[in-house]
Amino acid sequence: MLSGSRGAPCLLVRALWPPVSHRRLPAGPGQMRAVSSIGDGEHLRICSQGYTCCTSEMEENLANRSRAELETALLDSGRALQATLAAQLRGFDGHFQHLLNDSERALQDTFPSAFGELYTQSARAFRDLYTELRLYYRGADLQLEDTLAEFWARLLERLFRQPHPQRLLPDDYLDCLGKQAEALRPFGDAPRELRLRATRAFVAARTFVQGLGVAGDVVRKVAQVPLGPECSRAVMKLVYCAHCLGVPSARPCPDYCRNVFKGCLANQADLDAEWRNLLDSMVLITDKFWGPSGAESVIGNVHVWLAEAISALQDNRDTLTTKVIQSCGNPQVNPPGPGPEEKRHRGKLVLQEKPPTGTLERLVSEAKAQLRDAQDFWISLPGTLCSEKMAMSAASDDRCWNGMAKGRYLPEVMGDGLANQINNPEVEVDITKPDMTIRQQIMQLKIMTNRLRSAYNGEDSDFQDASDDGSGSGSGDGCPEDICGRRINRKSSSSSSRTPLTHALPGLSEREGQKTSAAAHCPQACTALLLLSLVLSAARPRWR
């Protein structure tokens, strides 16, 4: 109970009110009476209805202020983690693209002088291959094995035509050529080796970077989830009711503060299990970056396998031509007759794989440490906010603010998550109504973890997942353009079978030399695919 002699602490409330609306009290004697006089508190709806320094309008404004401060604190906590994940994404993405760019430059620098016309007349096929590898890495839903098989078929056709351009090669002859190539292996072992290694290396690299993007997106969206009215009331009581009661020096009791935020952030804490699964999966898949089939070795040395393939063809071309003619017949020749044959380059190009620079090793080491530090982010938020943002008391004793007065806080601390808040003494939480935006983020984490598990086993999950901006999120009617709405247009005959991008990385657009188009919104289809993917992921065996 406050006495009339304790009116002086009420003057401190004047500095706090009105913090949100920025309205001013009317000038004159009444102004001081409004903030310095003590009332009986019957008008208060949040703070205890004893003697108080606050008017009902002041209480409302302080409640708005407390809610705004908490939302700002949540955004600040999320931004720090988002910045860490974004920096990791930029580092890994830049390194993987640098490896692929270096490989293409090495090819362009060495192949023309080593292979002459054998290379220059097929240069476009090599450029197209690197373009498709970039598209695949950046999220295009291409089948990498099909892409490589198509490249070898195009290259064989071009190189078979090249020494005798006057030959007519109709489609049926090219089909026969392709069937013979399976047995004759004109490029040696290089196509098989590249296929086996590239499929594992590229899927590991791109899925890891996608995981960083999804993790950052989840943090961003969850940080924007608005606080409910019961939480706002509880935070007001925690932070500002001590001011209204004239004891502004009393800081919140630690257990009291934790109970408030465990209730306010109960839905966020339910992210914990799937968040940990995702980060564990990302740490584990970095093991696939090393060794002969790792991302470091393969992505930066694609040109080495291409050089081996061309050299093998040089050695086998005469035999190949003879056997193809024996099996498929001698192709017709244009009426003008044969032209001059190419001067053969008999030199053999032998390239050495580039050794690792140490950049990827450093990136992985830093990422592992930061991802492990972030594992308990969601369940540690209540304690973090209490210790860093709420000026919490050092101990639970009779000098801290317990929500009613200056004294000891007796209730026990609740557990983490929505189900554990049924008896929360500070925040009324309806455990039967989980936040749907956060439930969608949990689903996103499950889907991304499933993709990482598949990538760890060298598989590329080809199911399509929707964004949480779809139905149920409240922020859109369907899947966003960069998840469901882009399609890759290719000039080859297989372009019509391409499916939308999944988890496309930023920048996949005209910069890659490809046209994209927006597909129709797909809320029902995306939701159905999400549910289907969860059923499939539940049926998968554990990978560890």
Side-chain angles (χ1 to χ4, degrees), residues 89 92-104 107 124-155 190-214 285 288-289 293-306 448 451-452 454-465 482-517:
L89 191 152
F92 281 97
D93 181 47
H95 182 68
F96 290 137
Q97 294 207 62
H98 180 72
L99 290 174
L100 194 57
N101 291 340
D102 279 356
S103 174
E104 185 172 21
L107 181 146
R124 181 171 179 177
F126 290 97
R127 288 195 303 270
D128 288 348
L129 173 63
Y130 276 93
T131 296
E132 297 241 323
L133 291 177
R134 287 190 187 89
L135 289 171
Y136 177 80
Y137 164 72
R138 295 188 66 78
D141 191 15
L142 307 175
Q143 293 294 329
L144 192 54
E145 291 191 13
D146 293 346
T147 296
L148 291 171
E150 184 178 326
F151 163 74
W152 294 117
R154 290 176 61 196
L155 188 62
R192 177 179 177 275
E193 287 295 317
L194 181 58
R195 174 177 58 82
L196 293 176
R197 300 189 189 196
T199 49
R200 289 182 173 271
F202 274 89
V203 73
R206 90 166 186 168
T207 309
F208 178 82
V209 175
Q210 288 168 358
L212 291 172
V214 168
I285 204 174
K288 301 300 180 181
F289 291 170
S293 297
E296 178 84 0
S297 175
V298 175
I299 297 177
N301 292 290
V302 172
H303 62 290
V304 175
W305 280 282
L306 299 181
M448 193 65 239
R451 293 175 65 86
L452 286 160
S454 297
Y456 185 84
N457 295 320
E459 304 165 1
D460 186 11
S461 298
D462 57 359
F463 61 83
Q464 176 184 334
D465 58 317
D482 57 353
I483 300 293
C484 290
R486 290 184 179 174
R487 294 180 181 272
I488 298 300
N489 294 327
R490 299 180 55 205
K491 294 182 179 180
S492 64
S493 60
S494 60
S495 61
S496 60
S497 64
R498 298 304 179 196
T499 53
L501 301 184
T502 55
H503 286 303
L505 298 178
L508 179 53
S509 60
E510 293 80 1
R511 185 170 60 192
E512 298 289 351
Q514 298 290 324
K515 295 181 179 179
T516 58
S517 61

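The two residues A204 and K288 have their closest heavy-atom pair at CB-CB, 3.9 Å. In plain terms, the two heavy atoms of A198 and L148 that are nearest each other are CB-CD1, 4.4 Å. When all heavy atoms of D460 and L142 are compared, the closest pair comes out as OD2-O, 4.4 Å. Contact detail for M448 and V214: the closest heavy-atom pair is SD-CG2, 3.6 Å. What you find for R451 and R206 is that their closest heavy atoms are NH2-NH2, 4.3 Å. Contact between A455 and V203 at its shortest, heavy atoms only, is CB-O, 3.9 Å.
By the ring pair (Phe, Tyr, Trp, His ring centres under 6.0 Å) test, F151 is found to be paired with F126, residues two or more places apart in sequence or in another chain being considered. Scanning for side chain to side chain donor-acceptor pair (under 3.5 Å) contacts around N101 gives R134, with sequence neighbours left out. Qualifying salt bridge (Lys or Arg N to Asp or Glu O under 4.0 Å) partners for R195, counting only residues two or more places apart in sequence or in other chains: none. In this structure, the side chain to side chain donor-acceptor pair (under 3.5 Å) partners of S103, at least two apart in sequence or on a different chain, are Y130, H303. Take A205 and apply the side-chain contact (heavy atoms from CB on, under 4.5 Å) test, not counting sequence neighbours, and it matches F96, Y137, A295, I299.
Summarising the geometry, atom CG belonging to L452 is positioned 11.5 Å from atom CG belonging to N457; distances are rounded to the nearest 0.5 Å. To the nearest 0.5 Å, atoms CH2 (W152) and OG1 (T147) are separated by 13.0 Å. The distance from the NE2 atom of H95 to the CD atom of E296 is 4.0 Å, given to the nearest 0.5 Å. If you take CZ on F202 and CZ on R197, they are separated by 13.5 Å, rounding to the nearest 0.5 Å. Between the CZ atom of R154 and the CZ atom of R124 there is a distance of 7.0 Å, given to the nearest 0.5 Å. With rounding to the nearest 0.5 angstrom, the CG atom of L129 is 10.0 Å from the CD atom of E150.
Between F289 and F92, the angle of the ring planes lies from 30° to 60°, which puts this pair in the tilted group.
In this structure, T131 contributes its side chain and R127 its backbone to a donor-acceptor pair below 3.5 Å. Although no hydrogens or angles enter the test, the distance criterion places no donor-acceptor pair under 3.5 Å between the side chain of D93 and the main chain of L89.
The side-chain heavy atoms of L133 and L144, taken from C-beta on, include a pair separated by under 4.5 Å.
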